[in-house]
K.L.:
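One structure coming up, written as structure tokens, with questions to follow.
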Amino acid sequence: MKEIRFEHVSKSYGKTEVVKDLNLTIKEGERLILLGPSGCGKSTTLRMIAGLEDVTSGSIYMDKQKVNDVPSGKRNVAMVFQNYALYPHMKVIDNITYGLKVKKMSADEIKHRTDAALEMLQLKQYKDRLPKDLSGGQRQRVALARAVVKQGDCFLLDEPLSNLDAQLRVSARKELVKIHETFKQTLVYVTHDQTEAMTVGDRIALMYQGKLQMVDTPDNVYHRP
Ligand code: ADP
Ligand code: ADP
């Protein structure tokens, strides 16, 4: 479990500053939502936590450690992308275990973690299928399973439900919260959907044009007098 802290973090692409002097502490074990309209800098912020983007200035800490120069593979984070980013030529089971094999984890431990994830996400009967032979909801569960088995300190999700139809999205939100209650990692979740933010989040960080506007509980963000 880890606390994530941004201190005066800015990010520019060329001359355009897309994240502006971000100061934010994401508490150990909480579910923090990054909410705001398309293009406001949410994904960039998430990718900086993952180490997929460098910061232009400022510092990011995980607990006491400054991680600006820690490569992505060493940050112990698990990320779920909007398009799921599954390996198309690998069966479900191989998509899920691949990262663990790369880390040279023991076969016993891989089996233990994978069986638990397949069970939890109801994927057992699909484990030998290729991603192209799955529905959107099933692919999304494979992407979640692949992140869950990593058991990283931080669970980072970028619009993970946006490709699902409305009904599936509602059940998937509940599933996500349940997964989090099992593992209790620090969870950072990017969405532009208010309802999603309110049902999934312990706290909501509202962004607009690269700037953090407020951070508070869903009740306080939406019902403040
Ligand atoms: P959001 O996730 O809120 O939709 P992003 O973080 O993806 O926003 O993008 C913030 C801004 O940065 C947008 O204007 C986007 O076009 C721009 N941007 C994102 N990635 C790049 C990049 N690799 N190069 C240049 N501009 C980028
Ligand atoms: P999202 O749905 O998260 O906003 P996008 O479709 O905007 O994602 O971006 C997909 C990829 O393209 C990301 O890796 C992002 O960094 C990059 N990107 C986004 N905007 C730009 C841009 N204006 N110029 C270059 N790359 C960009």
Side-chain angles (χ1 to χ4, degrees), residues 2 4-27 30-62 67-73 75 77-86 136 139-140 143-144 146-147 152 154-166 169 172-173 176-177 180 185-218 220-222:
K2 278 205 175 147
I4 302 164
R5 198 165 80 248
F6 288 84
E7 281 187 4
H8 299 292
V9 170
S10 297
K11 172 70 180 179
S12 300
Y13 291 110
K15 287 187 178 154
T16 312
E17 200 173 43
V18 300
V19 174
K20 298 169 185 168
D21 193 30
L22 177 62
N23 291 287
L24 171 66
T25 299
I26 304 169
K27 298 176 205 165
E30 80 168 322
R31 293 192 296 272
L32 181 106
I33 311 293
L34 290 172
L35 176 68
S38 181
C40 74
K42 308 181 296 294
S43 288
T44 303
T45 301
L46 196 74
R47 292 164 62 82
M48 287 192 289
I49 300 173
L52 299 173
E53 297 284 352
D54 291 332
V55 313
T56 305
S57 61
S59 308
I60 300 179
Y61 293 86
M62 289 186 173
V67 295
N68 288 39
D69 298 323
V70 176
S72 185
R75 291 197 192 185
V77 300
M79 187 150 166
V80 176
F81 298 89
Q82 181 174 18
N83 58 7
Y84 313 138
L86 300 176
R139 283 179 205 165
Q140 180 251 340
L144 283 174
R146 187 174 60 179
C154 307
F155 202 5
L156 310 176
L157 303 113
D158 193 348
E159 304 261 10
L161 310 184
S162 61
N163 289 331
L164 304 183
D165 64 49
R169 213 176 299 148
R173 282 177 200 146
L176 256 174
V177 170
H180 179 257
Q185 312 99 323
T186 306
L187 186 148
V188 190
Y189 187 107
V190 163
T191 183
H192 61 266
D193 181 323
Q194 284 187 15
T195 312
E196 203 157 296
M198 292 179 69
T199 43
V200 176
D202 294 320
R203 289 196 305 156
I204 296 174
L206 203 58
M207 290 184 77
Y208 185 67
Q209 296 186 344
K211 282 198 144 175
L212 182 62
Q213 307 294 312
M214 59 153 54
V215 193
D216 214 327
T217 60
N220 287 340
V221 170
Y222 287 106

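Numbering of ligands and ligand atoms starts at 1, following listing order. The figures that follow rest on heavy atoms only: side chains count, while hydrogens, waters and symmetry mates do not.
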K.L.:
Determine whether any heavy atom of Gly36 lies closer than 4.0 Å to an atom of ligand 1.
P.N.:
no

K.L.:
Apply side-chain contact (heavy atoms from CB on, under 4.5 Å) to Asp193 and list each qualifying residue two or more places apart in sequence or on a separate chain.
P.N.:
Arg169, Arg173, Thr191, Thr195, Glu196

K.L.:
Does Lys211 make a cation-pi contact with Tyr208 (under 6.0 Å, within 45 degrees of the axis)?
P.N.:
no

K.L.:
Taking atom 13 (C) of ligand 1 as the point of reference, which of Gly14, Gly39, Pro37 owns the nearest heavy atom?
P.N.:
Gly39

K.L.:
Select one of side chain, backbone, both or neither to describe which atoms of Thr44 lie under 4.0 Å from any atom of ligand 1, heavy atoms only.
P.N.:
both

K.L.:
Kindly write out the residues that satisfy side-chain contact (heavy atoms from CB on, under 4.5 Å) with Glu17, not counting sequence neighbours, or none if the list is empty.
P.N.:
Ser10, Ser12, Lys20

K.L.:
Before signing off on this row, confirm whether Thr45 and ligand 1 have an N or O atom pair separated by under 3.5 Å.
P.N.:
no

K.L.:
Just jot down the ligand 1 atoms closer than 4.0 angstrom to any heavy atom of Lys42, in number order.
P.N.:
1 (P), 2 (O), 3 (O), 4 (O), 6 (O), 8 (O)

K.L.:
With a 4.5 Å limit on heavy-atom distance, are the side chains of Leu157 and Leu144 in contact?
P.N.:
yes

K.L.:
Are the side chains of Val221 and Met198 in contact, using a 4.5 Å heavy-atom criterion?
P.N.:
no

K.L.:
Please indicate whether any nitrogen or oxygen in Gly41 is less than 3.5 Å from any nitrogen or oxygen in ligand 1.
P.N.:
yes

K.L.:
Examine Glu53 against ligand 1 and note whether any of their N/O atoms are separated by less than 3.5 Å.
P.N.:
no

K.L.:
Does some side-chain heavy atom of Leu52 sit less than 4.5 Å from a side-chain heavy atom of Met79?
P.N.:
yes

